[in-house]
Amino acid sequence: MAGPKSFFLDSDVHSYLVAHGTPPDPGLEALRIETETLGEMSRMQIAPEQGAFFTMLTRLLAPRFAVEVGTFTGYSALCIARGLPTGGQLMCCDVSEEWTTIARRHWEMAGVADRIDLRIAPAAETLRALPSEPRIDLAFIDADKGGYADYFEEILRRLSPGGVMIFDNVLWGGDVVGDDDGADTVALRRFNDALAADDRVEAVMLPVGDGLTFVTHRR
């Protein structure tokens, strides 16, 4: 298993945390193991504790229409799809046929492929082309960091009254509070600052994985 991604966890505490929640089943483990063979790219896959959390959260929210921006090899999509209610659908946005070929195969093996609509195109274009209905009940955004602001605006205008957006990597390994001036770090700082000041929404940032921010309409 790859090292812990959640903040403040060493390897022993991370192993304990995973062992004391519902563990990844054989289908998820097979996908994780295949993704690890990709080398450094495998770090784009979410942590197992995030996956278990997403399945539980999806079951609690019972979204009719969910959206994922950034699918990679499909681990998070598989976790979300498993939590969907009967008739619920997940639309996945990605630009890579290579990585999503792995995803499609594992979705089929897991029996959730009929719940997932994969769109291979720039996510901003896919989102802009969506009609106003059905409203988006749940969105998970884990893609190019410079695009977060655009994805936020496109999803917000279509987000249902009780809908939730989740943004990944918002702590960026802690670099958001350092002096790193890389393009992704700068983009995340700007996005985090803008979101915290946006009076249209309520947001909470949690140190889960590489940082998750939950966003919903302000009430």
If you look only at distance, which donor and acceptor atoms sit under 3.5 Å apart when one is on a side chain in residues 107-114 and the other is two or more places apart or in another chain?
unit_1, atom_1, unit_2, atom_2, d
W107, NE1, G74, O, 3.2

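A donor-acceptor pair under 3.5 Å links the side-chain atoms of D25 to the main chain of L28, judged by distance alone. A distance-only check finds a donor-acceptor pair linking the side chain of R64 to the backbone of T86 [under 3.5 Å]. The backbone N or O of W172 lies less than 3.5 Å from no partner atom in the side chain of N169, so there is not a single donor-acceptor pair. Judged purely by atom type and a 3.5 angstrom limit, N192 uses its side chain to pair as donor or acceptor with the backbone of V170. Here the side chain of D210 pairs a donor or acceptor atom with the backbone of G173 at under 3.5 angstrom. For the pair D142 (side chain) and D168 (backbone), a donor-acceptor distance under 3.5 Å is absent. Of the possible donor and acceptor atoms, one in the side chain of S160 sits under 3.5 Å from a partner among the backbone N and O of G163. With hydrogens and angles ignored, the 3.5 Å screen pairs a side-chain donor or acceptor of R115 with a backbone N or O of A81. Under the 3.5 Å distance criterion, the side-chain polar atoms of E125 are left unmatched by any main-chain donor or acceptor of P122.
Listed by chain and number, the hydrophobic cluster partners of I33 come to none, as no ILVMFWY side chain reaches under 4.5 Å of it. Other residues sharing a hydrophobic cluster with M56 under the 4.5 Å side-chain heavy-atom criterion for ILVMFWY residues are L60.
The two residues E202 and R218 have their closest heavy-atom pair at CG-CA, 3.8 Å. Scanning both residues, Q50 and L212, for their nearest heavy atoms gives NE2-CD2, 3.6 Å. When all heavy atoms of E49 and H14 are compared, the closest pair comes out as OE1-NE2, 3.0 Å. Of all non-hydrogen atoms in S96 and I120, the two that sit nearest each other are O-CD1, 3.9 Å. Of all heavy-atom pairs between P48 and P24, the closest is CB-CG, 3.8 Å. Across every non-hydrogen atom of C93 and A123, the tightest pair is CB-CB, 3.8 Å.
Taking the side chain as every heavy atom from C-beta outward, T126 and M91 approach each other to under 4.5 Å. Within the 4.5 Å cutoff, the side chain of L127 has heavy atoms near those of the V67 side chain. In this structure the side chain of H217 reaches within 4.5 angstrom of the side chain of L156, judged on heavy atoms. Two residues are said to be in side-chain contact when any heavy atoms from C-beta on lie closer than 4.5 Å; T58 and T55 fail this criterion. Counting heavy atoms from C-beta on, the side chains of T71 and S76 never come closer than 4.5 Å.
In this structure, a donor-acceptor pair under 3.5 Å is absent between the side chains of E34 and T73. D180 and T185 share a side-chain donor-acceptor pair at under 3.5 Å.
Rounded to the nearest 0.5 Å, atoms CG (L17) and CG (D12) are 12.5 Å apart. Between atom CD of residue E68 and atom SG of residue C92 there is a gap of 4.5 Å, rounded to the nearest 0.5 Å. The distance from atom CG of L171 to atom CE of M205, rounded to the nearest 0.5 Å, is 5.5 Å. If you take NZ on K145 and CZ on F167, they are separated by 10.5 Å, rounding to the nearest 0.5 Å. Rounding to the nearest 0.5 Å places OH of Y148 at 9.0 Å from CG of D184. In this structure, CG in D94 is found 6.0 Å from OG1 in T100, a value given to the nearest 0.5 Å.
Checked for salt-bridge contact, D117 and R119 meet the test: a charged N lies under 4.0 Å from a carboxylate O.
Sorted by first then second residue, the ring pair (Phe, Tyr, Trp, His ring centres under 6.0 Å) pairs that include residues 26-48, not counting sequence neighbours, number zero.
Applying the side-chain contact (heavy atoms from CB on, under 4.5 Å) rule to P134 yields the partners F65; only residues at least two apart in sequence or on another chain are considered. With sequence neighbours left out, E153 forms a salt bridge (Lys or Arg N to Asp or Glu O under 4.0 Å) with R200. With sequence neighbours excluded, the residues satisfying ring pair (Phe, Tyr, Trp, His ring centres under 6.0 Å) with F72 are W99. The side-chain contact (heavy atoms from CB on, under 4.5 Å) check on D144 picks up Y151, with sequence neighbours excluded. By the salt bridge (Lys or Arg N to Asp or Glu O under 4.0 Å) test, R104 pairs with no residue at all, sequence neighbours left out. Scored by the ring pair (Phe, Tyr, Trp, His ring centres under 6.0 Å) test, F140 finds F54 as partners (sequence neighbours excluded). Under the ring pair (Phe, Tyr, Trp, His ring centres under 6.0 Å) criterion, F152 pairs with no residue at all, not counting sequence neighbours. Every ring pair (Phe, Tyr, Trp, His ring centres under 6.0 Å) that F53 has, sequence neighbours left out, goes to F214.
L130 is not connected to V95 by any chain of hydrophobic side-chain contacts under 4.5 Å among Ile, Leu, Val, Met, Phe, Trp and Tyr, and they are in different clusters. L57 and I116 fall within a single hydrophobic cluster, where Ile, Leu, Val, Met, Phe, Trp and Tyr side chains are chained together by heavy-atom contacts under 4.5 Å. Transitive grouping of hydrophobic side chains (ILVMFWY, heavy atoms separated by less than 4.5 Å) keeps V177 and V186 in distinct clusters.
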**Request:** Dump the intermediate steps for side-chain contact (heavy atoms from CB on, under 4.5 Å) on D137 and L61, then the final yes or no.
**Result:** CA-CA 8 Å; D137 303 308; L61 293 175; over 6 Å; no
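With L31 as the partner, the side-chain contact (heavy atoms from CB on, under 4.5 Å) test is satisfied by one option alone out of E36, H106, R105: H106. Among T213, L138, I141, the single residue meeting the side-chain contact (heavy atoms from CB on, under 4.5 Å) criterion with I166 is L138.
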